[in-house]
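What follows is a single structure, written as structure tokens, with notes after it.
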Protein chains: 2
Amino acid sequence: MGNSEQTFKKILEVAYVMFSENGFDKTSLSMIAKEVGISKPAIYYYFQSKDQLIEYLFEEIYKEIKLEITFNYTDISKDNLIQKLLEIGYMSIEQQEKDIHFNKIFNQYMLLASRDEKYMKRLLELQACFLDGFYDLLKYAVQIEAICDSNIKAKAHMLAMVYDNIGNFMLTGIELDYKEIWQEAVDSVFREQKGKI
Amino acid sequence: MGNSEQTFKKILEVAYVMFSENGFDKTSLSMIAKEVGISKPAIYYYFQSKDQLIEYLFEEIYKEIKLEITFNYTDISKDNLIQKLLEIGYMSIEQQEKDIHFNKIFNQYMLLASRDEKYMKRLLELQACFLDGFYDLLKYAVQIEAICDSNIKAKAHMLAMVYDNIGNFMLTGIELDYKEIWQEAVDSVFREQKGKI
DNA sequence: GTCTATAATACGATAGAC
DNA sequence: GTCTATCGTATTATAGAC
């Protein structure tokens, strides 16, 4: 790896951590440069502007999320479906215990999206992919007769909301039994329905 | 209402909307003053600093949330418990359809909390109150034999997470059947458990 | 109470040397 | 590629007149 590429990556790494800790506005390019060990104008050799640095970071995060929420169907059967679904949640919980910066910075992009069409468009893509992912998984479960076909869409979206919000709750530092909560959510989907209210 | 009090309230109202739309950092006191129809220094007659204005707004929002998540038990019976629980969610959904600013600004305080102990402390109070609220409600449901006592805590926290995240999803503008999702969540709690996985 | 004027500071970004 | 020096601008906040 050349010196140039090394500096480029270092800027991204430092920006990722500092933006997540202090927010975009409260993290100046001077602060980033100081932490990287270069001068402020040096950043402009790699990025046209602060906004472009923020945008570049977003695309990296976008790719990572896209990868995380794309489920692999090849090894799912009627016998291991529940276990697989549980593991999807467990993995997310464990990942977020390791990297607290990820969710923090992502929430900032969510706020950015509400006043910038460009980010909103990309986030809606992710969200649709995320919601459809759970929906498709439950539709597949119906197909292999692992679950009965009642209210599949609402069930899928409920799962997505629990899955998604666990990360937000973890961010506050409150210690809940997140795995048990996810277990309860998954369990409820596969629980037989006795009578409608 | 005196002129002074009127200006004070106007500043708060304008700040509430502008902060939620542009964020704290991207909303300057000049912008607020212009919208209110006064000069920037006039704001300093009512608030010591921008931070104090932000803090004052938080306390108002804190009170409102505290009120919203404090459930009323007096009229809950075995027969209407499910209906009451459903209505709790419906009310929240309808309220958020009306005031989109509320959740937007609240999310900003969540981010602020991650780098300011003062806000973190208050938000943890709210969150504990929120989670305990659902837990207490389900404990009460067990007491009046409207539900069996299995995994009550996880069920309550799952409900809380769905309830809470509906607002975040609504913020993105994605149109889901939120009432049906909440229905599914409530329904799942009262669904009979057949066998443990 | 509200104003005009201004201080003090920090930021994003650029110019130009090396 | 990276630096020093600097520009232009915006911000929070204050001083002091009315």
Side-chain angles (χ1 to χ4, degrees), chain A residues 1-60 105 108-109 111-113 115-116 118-119, chain B residues 1-60 105 108-109 111-113 115-116 118-119:
Chain A
M1 184 160 63
N3 259 353
S4 170
E5 201 180 334
Q6 216 164 357
T7 308
F8 180 74
K9 290 216 168 186
K10 188 90 184 278
I11 293 171
L12 283 173
E13 280 167 29
V14 169
Y16 175 77
V17 172
M18 293 190 87
F19 280 149
S20 89
E21 281 176 349
N22 316 315
F24 295 132
D25 293 302
K26 291 271 189 293
T27 306
S28 70
L29 293 181
S30 312
M31 289 162 69
I32 294 173
K34 194 178 176 186
E35 187 73 19
V36 173
I38 56 177
S39 69
K40 182 168 64 171
I43 296 180
Y44 283 90
Y45 176 78
Y46 298 97
F47 300 95
Q48 283 174 9
S49 66
K50 186 181 179 181
D51 281 342
Q52 209 221 359
L53 169 56
I54 291 172
E55 207 177 322
Y56 190 97
L57 261 181
F58 175 77
E59 290 304 326
E60 295 230 311
I105 203 169
Q108 290 182 60
Y109 282 111
L111 282 175
L112 238 181
R115 29 185 203 277
D116 189 325
K118 184 178 57 206
Y119 288 106
Chain B
M1 183 159 66
N3 260 353
S4 170
E5 201 180 333
Q6 217 164 359
T7 308
F8 180 75
K9 291 217 167 185
K10 189 88 184 279
I11 292 172
L12 283 173
E13 279 167 29
V14 169
Y16 175 78
V17 173
M18 294 190 86
F19 280 148
S20 89
E21 282 177 347
N22 316 316
F24 295 132
D25 294 301
K26 290 271 189 293
T27 306
S28 71
L29 293 181
S30 313
M31 290 162 70
I32 294 172
K34 194 178 176 185
E35 187 74 19
V36 173
I38 55 177
S39 70
K40 184 168 58 174
I43 296 179
Y44 284 90
Y45 176 79
Y46 298 96
F47 300 95
Q48 283 174 10
S49 66
K50 186 182 179 181
D51 282 343
Q52 209 222 359
L53 168 57
I54 291 173
E55 207 176 323
Y56 190 97
L57 260 181
F58 175 77
E59 291 304 325
E60 295 230 311
I105 203 168
Q108 289 183 60
Y109 282 111
L111 282 175
L112 237 182
R115 31 184 201 275
D116 189 328
K118 184 178 59 207
Y119 287 106

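Sequence lines set the chain letters: A, B, ... in the order given, protein chains first and strands last, and positions in each chain run from 1.
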Rounded distance (Å) that lies between atom [atom2] of [N] and atom [atom1] of [X]:
X     : N      : atom1 : atom2 : result
A:F47 : C:dT14 : CZ    : C1'   : 18 Å
B:F8  : C:dT2  : CZ    : P     : 13 Å
B:N22 : D:dT11 : CG    : C1'   : 15 Å
A:Q6  : D:dT2  : CD    : C1'   : 15 Å
A:F19 : C:dC11 : CZ    : C1'   : 13 Å
A:F24 : C:dA10 : CZ    : C1'   : 20 Å
A:K40 : D:dA5  : NZ    : P     : 14 Å
A:I11 : D:dT2  : CD1   : C1'   : 11 Å

Ring-plane angle category for A:Y109 and A:F58, please: parallel below 30°, perpendicular beyond 60°, tilted otherwise. tilted

Using the six-membered ring wherever Trp is involved, compare the ring planes of A:Y56 and A:F8 and label them parallel, tilted or perpendicular (cut-offs 30° and 60°). perpendicular

Please determine if a side-chain N or O atom of [X] lies less than 4.0 Å away from the OP1 or OP2 oxygen of [N].
X     : N      : result
A:Y45 : D:dT2  : no
B:S30 : D:dA10 : no
A:S28 : C:dA10 : no
A:S39 : D:dT2  : no

Among [options], which nucleotide has an atom closest to any side-chain atom of [X]?
X     : options              : result
B:Y44 : D:dC3, D:dG1, D:dT14 : D:dT14
A:L29 : C:dA13, D:dC3, C:dT2 : C:dA13
B:P41 : D:dT4, C:dG1, C:dC3  : C:dC3

Does any non-hydrogen side-chain atom of B:E35 lie less than 4.5 Å from one of B:V17? no

Tell me what B:Y46 touches on the nucleic acid: a base, only sugar-phosphate, or nothing, going by heavy atoms under 4.0 Å. sugar-phosphate

Would the number of heavy atoms belonging to other residues, nucleotides or ligands and lying under 6.0 Å from CD of B:E59 be above 12? yes

Between the CD atom in A:Q52 and the CD1 atom in A:I43, the distance rounded to the nearest 0.5 Å is 12.5 Å

